[in-house]
Amino acid sequence: MLIEAIDKESTYNVLIIGDKKEIDRSAAFIQKNIFLKINITKLSLEIFNNRFDRAYHLIILEANEKRLNFRDVLNHIRSEQTTKNVPIIIISSLTEKYFSELELERMLPVDVIPPSLKKVLLKIKVITYLNFTVTEKKLNYVQTELKQIKKNLKQQNKQLKHLALHDQLTSTSNRYAYESISNQIIMSSKRHKRNFAMLLVDIDNFKWINDKFGHNLGNEVIKAVAGKLKKSLRDSDLLSRIGGDEFGIILTELNASSNAGLAGKKIFESFKNPIVIQKNSIRISLSMGITYYTPDKNQTFDELMEEADIAMYEAKENGKNRFEYFNSGMRDKYIYQNTLNYELQNAVNRNEFYLVYQPIMNIHNNRIAGLEALIRWNNPTLGTVPPSDFIPVAEQADIIYDIGLWILNQACSRLSEWKAQGYTKLFLSTNISPKQIQNPNFGKDLNEISDKYRISPDELELEITESKFTFDLEKYIKNLDNFKGRLSIDDFGVQYSSLSRLGKLPVNSLKIDGSFFHGVKDLSRNKIILKHLFRLTEELSIKVIAERIETEEQRDFLVYQNCTYAQGYYYYKPMPPEKITEILAGPEPEF
């Protein structure tokens with residue numbers, strides 16, 4: 001069993017020290033009785049003081065004469081680096097008392113065998129000590145391996161801790177670390193009565209960057225933004241990427257909220273020039289929300305995040321590329337918009353929407369030429385909600401498409417009824433959202449609705465509000481390639497006017513914003529612009545509708561410019577369909 005525990009393929013070095021005759025006898029005995037690869041070195045007593053030239057697994061001392069000074073030999077063996085821990089077997093007839101005086105326990109492992117028991121015990125002792133040596137060697141190896149594993153685990157734990165607390169893309173702290181550190185700052189600020197500011201930063205139009213340049217470049221943009229933010233902050237400030245293109249910042253050691261604003265201005269200043277990535281020059285703008293922790297308010301992390309988030313979205317709504325401080329009024333607005341969002345989800349199914357219609361007049365004969373369908377919402381909880389409140393929320397919540405199809409269905413159904421009553425020279429106009437045009441199914445859905453109610457192409461106009469041309473309209477207009485109706489630009493001239501679009505887009509009509517006509521008597525520049533605009537649209541065969549006409553003076557100006565169509569309170573306010581039917585059936589009005 002002992003022999004089985006030893007590695008038979010290894011070679012074991014055994015040193016035998018003693019008289020030459022005894023050395024030879026012991027070596028012969030070992031080679032005859034122990035079937036292992038053993039390399040025996042013989043060292044006579046006369047030269048045992050030589051330095052040992054190799055590492056040994058076992059040392060055997062053959063000495064039966066008192067002339068051998070065991071103490072010197074043992075001390076010499078134990079003083080050598082290669083033999084200080086090697087097991088020693090002493091074969092000697094000297095008395096036990098003699099060996100006890102040597103204090104062999106100080107030099108363990110050491111074993112003494114009398115010559116009379118040599119044949120009986122030597123084989124067992126040799127195998128036992130070789131096994132001990134191999135086991136010890138294995139244990140040392142295992143201990144070394146364990147130390148290395150422990151070292152590796154420590155390094156891996158350090159790396160895992162870094163990964164757990166840091167964003168891999170930007171090397172800033174991540175959301176988990178941001179929350180953890182923020183909570184520590186909150187506790188410290190509460191205890192020491194200190195203030196700090198929390199900033200939430202979002203890259204404006206990042207989706208557009210991703211769509212135009214690809215996600216790889218988008219990631220480089222995020223890294224570049226993180227670098228610029230870090231350079232704009234102090235070492236004591238905390239910067240974290242908390243998700244997507246959004247960053248969180250904690251500004252400590254502030255005494256007034258204006259200091260947070262100064263930090264915000266410094267950040268925006270660092271982005272005044274475009275950044276160049278992969279030979280692309282990209283202008284980056286940010287929207288930032290700022291809130292302030294004060295010990296008397298004792299806000300939690302979640303409350304601070306919500307406040308900063310509300311302020312950041314307020315900055316986006318106010319034009320982007322700016323920062324806003326949180327105030328309680330923003331929260332009221334936020335709650336209101338969330339309520340709108342919730343109530344809008346099922347408003348169509350609950351039949352809470354209805355349509356009103358505002359006539360579009362032929363100025364020359366005072367007859368109704370067309371009708372603009374306008375949506376209204378009456379909610380049991382909120383009451384009457386104006387479109388200016390709920391349409392942006394519906395667009396953001398991605399439910400505007402369904403609402404838009406509902407409007408088209410209802411309006412086309414009503415136009416079909418008026419046609420059946422004999423009013424066949426009316427056209428219908430309705431506003432559509434950019435989200436609708438961006439949907440690849442829009443053209444198909446439009447055609448299905450118009451076919452369902454037998455609406456001809458000249459009877460349906462889709463109005464796209466010019467101020468919402470913040471997306472690539474030319475790219476998505478192909479979704480209307482098979483649409484049989486007409487396209488109109490609403491609120492033309494408000495802020496994003498571009499005559500080049502009249503050449504690029506299949507525009508059939510323009511609705512010129514009423515701001516051009518207010519006080520037109522005193523606005524000679526506007527008169528000149530309108531004069532040439534009317535001529536241009538006439539040559540392009542584009543119909544012009546003047547909207548928000550409120551005075552006779554404005555109407556007269558349009559007549560003078562030979563404008564055919566007008567809409568506004570001077571003629572009619574938006575009305576329910578039943579009232580429109582009465583007007584259509586009644587006598588010709590006078591204006």
Partners meeting side chain to side chain donor-acceptor pair (under 3.5 Å) with R331 (sequence neighbours left out): E306, E307
Minimum side-chain heavy-atom gap L462-F442 below 4.5 Å: yes
Y569 six-ring face occupied by K573 cation (under 6.0 Å, within 45°): yes
Pair listing, salt bridge (Lys or Arg N to Asp or Glu O under 4.0 Å) test, anchored in residues 311-321, at least two apart: D202-K316, D204-K316, E314-K333, E317-K333
Test ring-ring contact (aromatic ring centres under 6.0 Å, His included) applied to Y572 - qualifying residues, sequence neighbours left out: F591
Donor on one side chain, acceptor on other, Q436 and S433, under 3.5 Å: no
Y354, OH: over 12 other non-hydrogen atoms inside 6.0 angstrom: yes
Set of residues satisfying side chain to side chain donor-acceptor pair (under 3.5 Å) with respect to E352, sequence neighbours excluded: R350, W377, N379
Main-chain N/O of Y178 paired with S182 side-chain donor or acceptor, under 3.5 Å: yes
Any residue meeting salt bridge (Lys or Arg N to Asp or Glu O under 4.0 Å) with D398, in chain and number order, not counting sequence neighbours: K435
With sequence neighbours excluded, residues passing side chain to side chain donor-acceptor pair (under 3.5 Å) with N341: Q345
side-chain contact (heavy atoms from CB on, under 4.5 Å) involving P386 - partner list, sequence neighbours excluded: S388, D389
Residues in side-chain contact (heavy atoms from CB on, under 4.5 Å) contact with E303, at least two apart in sequence or another chain: Q299, T300
Evaluation steps, salt bridge (charged side-chain N to carboxylate O under 4.0 Å, His left out), between R535 and E539: CA-CA 6 Å; R535 288 183 180 176; E539 291 184 14; over 6 Å; no
Contacts of D237 that satisfy salt bridge (Lys or Arg N to Asp or Glu O under 4.0 Å) - sequence neighbours left out: R234
Among Q358, E463, Q567, R486, side-chain hydrogen bond (donor to acceptor under 3.5 Å, both in side chains) partner for S429: E463
Show which side-chain atoms of residues 578-585 pair as donor or acceptor with protein atoms under 3.5 Å away, not counting sequence neighbours.
unit_1 : atom_1 : unit_2 : atom_2 : d
T581   : OG1    : W418   : NE1    : 2.9
T581   : OG1    : P577   : O      : 3.1

Lys/Arg N to Asp/Glu carboxylate O, K444 vs E448, below 4.0 Å: yes
Side-chain donor-acceptor pairs under 3.5 Å in residues 215-231, sequence neighbours left out?
unit_1 : atom_1 : unit_2 : atom_2 : d
H215   : ND1    : N210   : ND2    : 3.4
K228   : NZ     : S270   : O      : 3.2

Could you go through residues 273-282 and list every donor-acceptor pair under 3.5 Å that involves a side-chain atom there, pairing it with any protein atom two or more places apart or in another chain?
unit_1 : atom_1 : unit_2 : atom_2 : d
N280   : ND2    : I277   : O      : 3.3
N280   : ND2    : Q278   : O      : 3.1

